[in-house]
Enquirer: 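Before I ask anything, here is the structure I am working with.
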Amino acid sequence: MKKKIQIINGPNLNLLGKREPAVYGSQDFDAYLERLRSLFPGDDLRYFQSNSEGALIDMIHEAGFAADGIILNAGAYTHTSVALHDAIKAVDAPVIEVHISNVHAREEFRHRSMISAACKGVIAGFGLDSYRLAVEALKNVEE
């Protein structure tokens with residue numbers, strides 16, 4: 001069954017491929033998105049990125065009633081944003097929290113997520129492949 005999935009990336013993720021390649025890899029997200037879409041040709045994978053917390057909340061509100069699921073990499077807002085937590089709880093679509101790196105193997109402030117409790121699940125530490133795993137998880141969410 002065709003799924004409409006909204007991928008939302010937060011701050012600094014527009015710099016993938018350039019920003020700390022030892023942590024985040026050397027591939028930019030647009031190139032990865034092409035590959036991801038080729039792996040799921042029957043699904044509608046949409047993409048949005050913003051460095052602004054308000055824009056991320058607006059997109060969660062918009063997609064949360066129109067999409068079958070949301071994949072959210074909130075970047076640093078993961079660790080600080082009660083507003084994102086509340087936005088996730090306010091919508092119908094299941095949200096999968098995604099991290100490229102294993103946040104639990106990094107600085108201590110990254111060990112706590114303000115959004116995890118509002119999400120259907122969390123995937124972290126598998127590089128950009130974390131997004132593929134999230135798509136597969138959303139495709140298997142029971143209606």
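In this text the structure is predicted, and so the values were computed from the model without any measurement.
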Enquirer: Grab the two heavy atoms, one from Ile57 and one from Ala87, that are nearest each other, plus how far apart they are.
Expert: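 Heavy-atom minimum between the residues: CG2-CB, 4.0 Å.
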Enquirer: From Leu84 CG over to Thr78 OG1, what is the distance, rounded to the nearest 0.5 angstrom?
Expert: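 Going from the CG atom of Leu84 to the OG1 atom of Thr78 covers 8.0 Å.
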Enquirer: Within the structure provided, determine whether Gln6 and Arg46 are in side-chain contact (heavy-atom separation under 4.5 Å).
Expert: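 In short, these two side chains touch, coming nearer than 4.5 Å.
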Enquirer: Which distance, rounded to the nearest 0.5 Å, do you find between the CD1 of Ile88 and the CD1 of Ile70?
Expert: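 Taking CD1 in Ile88 and CD1 in Ile70, the distance rounds to 8.0 Å.
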Enquirer: Can you list the steps and then say if Asp43 with Asp68 is a side-chain contact (heavy atoms from CB on, under 4.5 Å)?
Expert: CA-CA 10 Å; Asp43 297 303; Asp68 296 304; over 6 Å; no
Enquirer: Where is the tightest heavy-atom contact between Ser101 and Ala124, given as atom of each residue plus distance?
Expert: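 Minimum heavy-atom separation between Ser101 and Ala124: O-CB, 3.8 Å.
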Enquirer: Counting only heavy atoms not in Tyr47, do more than 12 sit closer than 6.0 Å to its OH atom?
Expert: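 It does: Tyr47 OH has more than 12 such atoms within range.
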Enquirer: Can you name the closest pair of heavy atoms from Lys139 and Lys3 and give their distance?
Expert: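 Result for this residue pair: O-CE, 3.9 Å.
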Enquirer: Treating Ile, Leu, Val, Met, Phe, Trp and Tyr as nodes and any side-chain heavy-atom pair under 4.5 angstrom as an edge, say whether Val141 and Ile7 lie in one connected cluster.
Expert: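 Yes.
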Enquirer: Is there a side-chain contact (heavy atoms from CB on, under 4.5 Å) between Val135 and Ile71? Walk through the geometry before answering.
Expert: CA-CA 8 Å; Val135 171; Ile71 297 168; 3.5 Å; yes
Enquirer: Are Leu39 and Val98 grouped together when hydrophobic residues (ILVMFWY) are joined by side-chain heavy atoms under 4.5 angstrom apart?
Expert: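 The answer is yes; both residues are in one hydrophobic cluster.
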Enquirer: Under a 4.5 Å side-chain heavy-atom rule over Ile, Leu, Val, Met, Phe, Trp and Tyr, are Phe40 and Phe126 clustered together?
Expert: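 In one cluster with Phe40: Phe126, yes.
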Enquirer: Does atom NZ (Lys120) have a neighbourhood of more than 12 heavy atoms from anything else shown, all under 6.0 Å?
Expert: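 No.
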Enquirer: Any chance you could measure Arg37, atom CZ, to Asp44, atom CG, to the nearest 0.5 Å?
Expert: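 Output value for this atom pair is 8.0 Å.
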Enquirer: With rounding to the nearest 0.5 angstrom, report the CD1 to CG distance, Ile123 to Asp129.
Expert: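 Here the rounded value is 9.5 Å.
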Enquirer: For Tyr131 and Ile100, what are the C-alpha separation, side-chain angles and deciding distance, and is it a side-chain contact (heavy atoms from CB on, under 4.5 Å)?
Expert: CA-CA 8 Å; Tyr131 292 89; Ile100 295 166; 3.9 Å; yes
Enquirer: Can you see whether Asn51 engages Gln49 through a side-chain donor-acceptor pair at a distance of less than 3.5 angstrom?
Expert: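 Side-chain D/A pair, Asn51 to Gln49: present.
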Enquirer: Are Ile5 and Ile96 linked, directly or through intermediate hydrophobic residues, by side-chain heavy-atom contacts shorter than 4.5 Å (ILVMFWY only)?
Expert: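 As far as the 4.5 Å side-chain criterion goes, Ile5 and Ile96 are connected within one cluster.
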Enquirer: Nearest 0.5 angstrom please: Ser130 OG to Glu97 CD, how far?
Expert: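 Spacing of OG (Ser130) from CD (Glu97) equals 11.0 Å.
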Enquirer: What are the two closest heavy atoms between Pro11 and Ala76, and how far apart are they?
Expert: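 Nearest pair, atom of Pro11 first, then Ala76: CG-N, 4.2 Å.
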Enquirer: For residues 69-92, which residue pairs pass the salt bridge (charged side-chain N to carboxylate O under 4.0 Å, His left out) check, not counting sequence neighbours?
Expert: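 Applying salt bridge (charged side-chain N to carboxylate O under 4.0 Å, His left out) to every pair that reaches into residues 69-92, excluding sequence neighbours, yields nothing.
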Enquirer: Between Ala93 and Ala63, which heavy-atom pair has the shortest distance, and what is it?
Expert: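 Scanning both residues completely, I find the closest heavy atoms to be CB-O, 4.4 Å.
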Enquirer: Nearest heavy-atom pair of Ser81 and Ile115: which atoms, and what distance?
Expert: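 Minimum heavy-atom separation between Ser81 and Ile115: O-CG2, 4.0 Å.
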Enquirer: When you measure from the side chain of Tyr32 to the backbone N and O of Leu128, does any donor-acceptor pair fall under 3.5 Å?
Expert: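 Yes.
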Enquirer: Set out, in order, the CA-CA distance, both residues' side-chain angles and the distance that settles side-chain contact (heavy atoms from CB on, under 4.5 Å) for Met114 and Tyr77, then state yes or no.
Expert: CA-CA 8 Å; Met114 298 297 287; Tyr77 290 134; over 6 Å; no
Enquirer: To the closest 0.5 Å, what do you measure between CG (Leu72) and CD1 (Ile60)?
Expert: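 The CG atom of Leu72 sits 5.0 Å away from the CD1 atom of Ile60.
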Enquirer: Might you confirm whether atom CZ of Arg132 has over 12 heavy atoms from other residues, nucleotides or ligands at distances under 6.0 Å?
Expert: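 Enclosed.
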Enquirer: With the 4.5 Å side-chain cut-off for hydrophobic clustering, are Val91 and Leu56 part of the same group?
Expert: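 As far as the 4.5 Å side-chain criterion goes, Leu56 and Val91 are connected within one cluster.
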